[in-house]
Amino acid sequence: MAHKLVIVESPAKARTIGGYLGQGYVVESSIGHIRDLPQSAAEIPAKIKDKWWGRFGVDIDNGFEPYYVVPRDKKSHMSKLKTLLKDADELYLATDEDREGEAIAWHLLDELKPQGIPVKRMVFHEITKPAILAAAENPRELAMDLVEAQETRRILDRLYGYEVSPVLWKKVMSGLSAGRVQSVATRMVVDRERERMAFRVASYWDLEGTFDAGASKEPRMFPAKLHSIDGARVAGGSDFGPDGLLKAKKGERVHLDRAGAEGLVAALRDTAYDVRSVEAKPYRRSPYAPFRTTTLQQEASRKLGMSASVAMSVAQRLYENGFITYMRTDSTTLSDAAVGAARAQVRELYGAEYLPDAPRTYASKVKNAQEAHEAIRPAGDSFRTPAQTGLTGDQFRLYELIWMRTVASQMKDAVGQSVSVRIGGAAADGRDVVFGASGRVITFHGFLKAYVEGTEGGKRSDDDQVPLPDLHEGDAVSAASLAANGHETKPPARFTEATLIKELEDREIGRPSTYASIIGTILNRGYVYKKGTALVPAWLAFSVIRLLEEHFPRQVSYEFTAGMEDVLDEIAAGRKDRESELAEFYFGSDAVTGLKPLVDGLGDIDARELATFPIGGPDSGIQLRVGRYGPYLEGPDDEGTPFARRANVPDDLPPDELTLEKATELLANPAGEEIELGVHPESGLQVVAKNGRYGPYVTEVLPEDAKKNDRPRTGSLFKSMSLDTITLDDALKLLSLPRVVGVDPESGEEITAQNGRYGPYLKKGNDSRSLTSEDQLLTIGLDEALRIYAQPKQRGRAAAAAPLKELGEDPVSKQPIVVKAGRFGEYVTDGEYNATLRKDDSVEAITLERAAELLAERRAKGPAKKAAKKTAKKAPAKKTAKKTAKKTTAKKTTKAAAKKS
DNA sequence: CAGTGAGCGAGCTTCCGCTTGACTT
């Protein structure tokens, strides 16, 4: 039976639209993008693997032509779509009408290759029956310029991420990442912390009083704050800069200290006051726009305490079950049906007096908004109240929030009056002193009756009312009480998930579908960690951001994405082209330095210097260094040699709390967490257990008068031991290592047993043998040791690893294939070739077919053994080369340092 | 950052955006 095939992006949307279109249409979804650049080495097509640009999946030499692949988990879905297309007499590409949606439509076309049937592009911005029917009636052509713009974005992000990340692997730490969005997000967090570190606290005092307007007034008492003295404003928090100094010129502000404030209180003891001025202004507040992704995330955080990712997954469930419209949107527009539903609900719940005459519309505040969807609102042509939904828990609370916000957006303004009053009097010493009071009275609540936005950090909320008595100029008032209060200025607050997302959106960085995952990325990389709701940058982020700022300033500038968006708009409009824009970004032009020359010219970045941060100024002799195992401090030892003593920095110590005082304290007690186990019966020294760079170990505490070259004995805990359970007995055994097992009667050499980097082993001169268990270190006797030495040195691990699984015979080599565990993880081998299991494989799930496939791939790369022999010969040379390279870098560093000094 | 004797299957990390289940517990 022939039908028209309609493809949208989301399965939930496909269900709804299928209902609207009815007979004759089959509506399916693409489930997002269906193709992408190859994500990892395993996905890169064989024919481009050897090209220098192969790892990007983009033919940089040939117009930046992308190589797209259908990822493995999308293949079955694509064959499903192909099957549906076979019986279709028409294809409607109904993906979202934005840059990404247009690209998905084109990918579908390019991959499905429909033969001999009409293909139409169908677009709509709201999922209502009339809108869908109208869209089906009025299809358009694919906008290829828009697709070009999307490809430019995609390729630029790939070049950025895959070119800059490896720089970090080499210079900072393996596995790190950089990207157009995540690096700027990280930079924001780091910059905020830098501001906090540079912040100098200012302290200031003021006076607060309760004033009495007389028995006839209601309210009779009201609060007021000191405003000015002899015509000069009293300095408050906002008058101080981050340097702790007054921003205003002298004379314009009075800076009160404690003595000044308390003196003024005393001088005002008998003062009579009168009202100097009363200024009333109308207060009017319009409702907030309906939710889009970012505002929903912010309010879910402020009011419901949900993280961005939790809010999104709860919203996803609401969407899939038909309670709300799509939750990843940058639009605040409501469909006509939604406006009607909201207005009906206002009339019903609050009455006609809360309903404005005309529907309210909200223009998008987001500059690069693509508006493919509606605002986030309750679904349907009439809204269900939260109680009518039958929802519970988080879904209920989030639905209620969305429902209230949507209804409130169609209500009248809140109106009232705000009043500002000045009260003056003369102090005993003749100074003229003015207090100020401000109040707000809301006479008509309007939308505030339904919805009040949450606030950050104690700011005044929209519906706060502070009533003042009805005062008039010249009225006499008295002070019922006066108090001097001390205050300190506060550094700028750290970002939270919600405020960082807001900042990113304001700067046009990131998209609704990615805001929550951006936070996830910078948390996962260890750039940032959470302390309560605050995002705190790790020292690692300081290193990385410093490198990026110094060497990729354009790419990590806050304006980079906004500039890119402008270019993409030009491409979408057909005024610029992909190739020349990407060429400028990658190779550079007269105006900008390209990414490739930047990366190629990085030879002598001094990784050491990047990771070093002076504490308390350059002359303190104390610095923080970011090492492979986390941050640590270097400071002067007892003889004053700078940077000679080291101490760990606790993982959860925020950078702005690492002051010179704190660093000195940490250096004075570098021990960290020590567990005292008791006294060594022979040496009389205290034995302690602690965590070190190589894991938990025990050691002796040397007395204070120990010579400088005295080193305490140490020993790693066996794997069977733990810091929680270790006893003094265990520790004494560990400290007894290395243990002399005996003397080889043949050579006269001593055989010792000890623990090392590769586990327990025996040592006789330069000849070593691995042991199978750590306990053998304590128990092995001379006879057994000699027996071990009698055998030839084992290749590989001491015990030949038994195969984990036998799979059967390889179809090509006719050899049995087995799975083994190796140093680099599990692998399959037929005895000649070895192939490591990929990410998606597991020992349990692997089949003979898959193993044969892996081995075939491996074989295709050429003879491993010959290659291995070749490299074995080459290897020493390579090592030497590396060493020389290191030396050269070191020399360069010294030169650079010399130049500087 | 406690200190330490090999000889081996290398292979891969990473971007941003668009979407859901697939897993396991």
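So you know, we letter chains A, B, ... as the sequences are listed, proteins then strands, and number each from 1.
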Looking at A:W539, does the NZ or CZ of A:R625 lie under 6.0 angstrom from its six-membered ring centre and within 45 degrees of the ring axis? no

Let me confirm one number: the CG-CZ distance from A:L762 to A:R739, rounded to the nearest 0.5 Å. 9.0 Å

Please report, rounded to the nearest Å, how far the P atom of B:dG3 is from the CG atom of A:L735. 14 Å

How is A:R625 classified with respect to the nucleic acid when contacts are heavy atoms under 4.0 Å: base, sugar-phosphate, or nothing? nothing

Under 4.0 angstrom between A:S174 side-chain N/O and B:dT13 OP1 or OP2: no

Pair A:R525, A:S177: side-chain N/O donor-acceptor within cut-off below 3.5 Å: yes

Angle class for the A:H107/A:Y68 ring planes (parallel below 30°, perpendicular above 60°, tilted otherwise)? perpendicular

At under 4.0 Å between heavy atoms, what does A:Q182 touch on the DNA or RNA strands: base, sugar-phosphate, or nothing? sugar-phosphate

Using a cut-off of 4.0 Å on non-hydrogen atoms, how would the nucleic acid contact of A:A178 be classed: base, sugar-phosphate, or nothing? sugar-phosphate

Classify A:R158 by what it touches in the nucleic acid, base, sugar-phosphate, or nothing, heavy-atom distance under 4.0 Å. base

Tell me whether B:dG9 sits syn or anti, counting syn as a glycosidic angle within 90° of 0. syn

Does B:dT14 have A:W169 stacked on its base, where the ring centres are within less than 5.5 Å and the planes differ by under 30°? no

Whole Å only: how far is the CD atom of A:E100 from the P atom of B:dT19? 9 Å

Can a side chain N or O of A:R525 be found less than 4.0 Å away from OP1 or OP2 on B:dC15? yes

Nearest-Å distance, OH (A:Y319) to P (B:dG21)? 11 Å

Nearest to the side chain of A:P11, heavy atoms from C-beta on, is which of B:dG17, B:dT19, B:dG3? B:dT19

Assess, by modelled atom type and distance only, whether the side chains of A:Y319 and A:R317 contain a donor and an acceptor separated by less than 3.5 Å. no

Regarding B:dC15, can its base be found pairing with the side chain of A:R154 as donor and acceptor, where the two atoms are less than 3.5 Å apart? yes

Ignoring hydrogens and geometry beyond distance, is the side chain of A:R646 in donor-acceptor contact with the base of B:dC1 at under 3.5 Å? no

Have a look at A:Q316 and say if it touches a base, only the backbone sugar-phosphate, or nothing, with a 4.0 Å heavy-atom cut-off. sugar-phosphate

To the nearest angstrom, how far is A:L777 atom CG from B:dG3 atom P? 19 Å

Any N or O donor-acceptor pair under 3.5 Å from the base of B:dT19 to the side chain of A:S10? no

Looking at every strand, decide which applies to A:P166 at a 4.0 Å heavy-atom threshold: base, sugar-phosphate, or nothing. base

How is A:F56 classified with respect to the nucleic acid when contacts are heavy atoms under 4.0 Å: base, sugar-phosphate, or nothing? nothing

Check every atom of B:dC16, B:dC18, B:dC12 against the side chain of A:D36 and return the nucleotide holding the closest atom. B:dC16

First of A:Y761 and A:L37 reached from the 5' end of DNA chain B, by closest nucleotide: A:Y761

Give one of base, sugar-phosphate or nothing for A:Y515, where a contact means two heavy atoms less than 4.0 Å apart. nothing

Distance, rounded to the nearest Å, where A:I509 contributes CD1 and B:dG17 contributes P: 10 Å

Sort out for me which residue in A:R292, A:Q370, A:R511 forms a side-chain hydrogen bond (donor to acceptor under 3.5 Å, both in side chains) with A:D330. A:R511

Taking for each residue the nucleotide of DNA chain B with the nearest heavy atom, is it A:I34 or A:K763 whose nucleotide lies nearer the 5' end? A:K763

By the 4.0 Å heavy-atom rule, please label A:Y162 as base, sugar-phosphate, or nothing. base

Heavy atoms under 4.0 Å, any strand shown: does A:G510 hit a base, just sugar-phosphate, or nothing? sugar-phosphate

Please determine, for the side chain of A:S768, which listed nucleotide (B:dC18, B:dG5, B:dG3) has the closest atom? B:dG5

So, does A:R180 get its side chain near the phosphate of B:dG17, meaning an N or O under 4.0 Å from OP1 or OP2? yes

Mind checking if A:S177 touches a base, just sugar-phosphate, or nothing, with heavy atoms under 4.0 Å? sugar-phosphate

Counting any heavy atom closer than 4.0 Å, what does A:D96 reach on the DNA or RNA strands: base, sugar-phosphate only, or nothing? sugar-phosphate

A:L168 CG to B:dC15 P, straight-line distance once rounded to whole Å: 11 Å

Between B:dG11 atom C1' and A:K49 atom NZ, what is the distance in whole Å? 11 Å

Between the base of B:dC16 and the side chain of A:R153, is there a donor-acceptor distance below 3.5 Å? yes

Is A:S513 close enough to B:dC18 that one of its side-chain N or O atoms is under 4.0 Å from OP1 or OP2 there? yes

Under 4.0 angstrom, heavy atoms only, what part of the nucleic acid is A:G32 near: base, sugar-phosphate, or nothing? base

A:R328 vs B:dT20: side-chain N/O to OP1/OP2 distance below 4.0 Å: yes

Please identify which of these residues, A:Y67, A:Y162, A:F64, meets the ring pair (Phe, Tyr, Trp, His ring centres under 6.0 Å) condition with A:W53. A:Y67

What is the separation between atom NE2 on A:H373 and atom P on B:dG17, rounded to the nearest whole Å? 15 Å

Please test A:L734 against A:M721 for side chain to side chain contact (heavy atoms under 4.5 Å, CB included), starting from the C-alpha separation and ending with a verdict. CA-CA 11 Å; A:L734 294 174; A:M721 304 173 181; 3.9 Å; yes

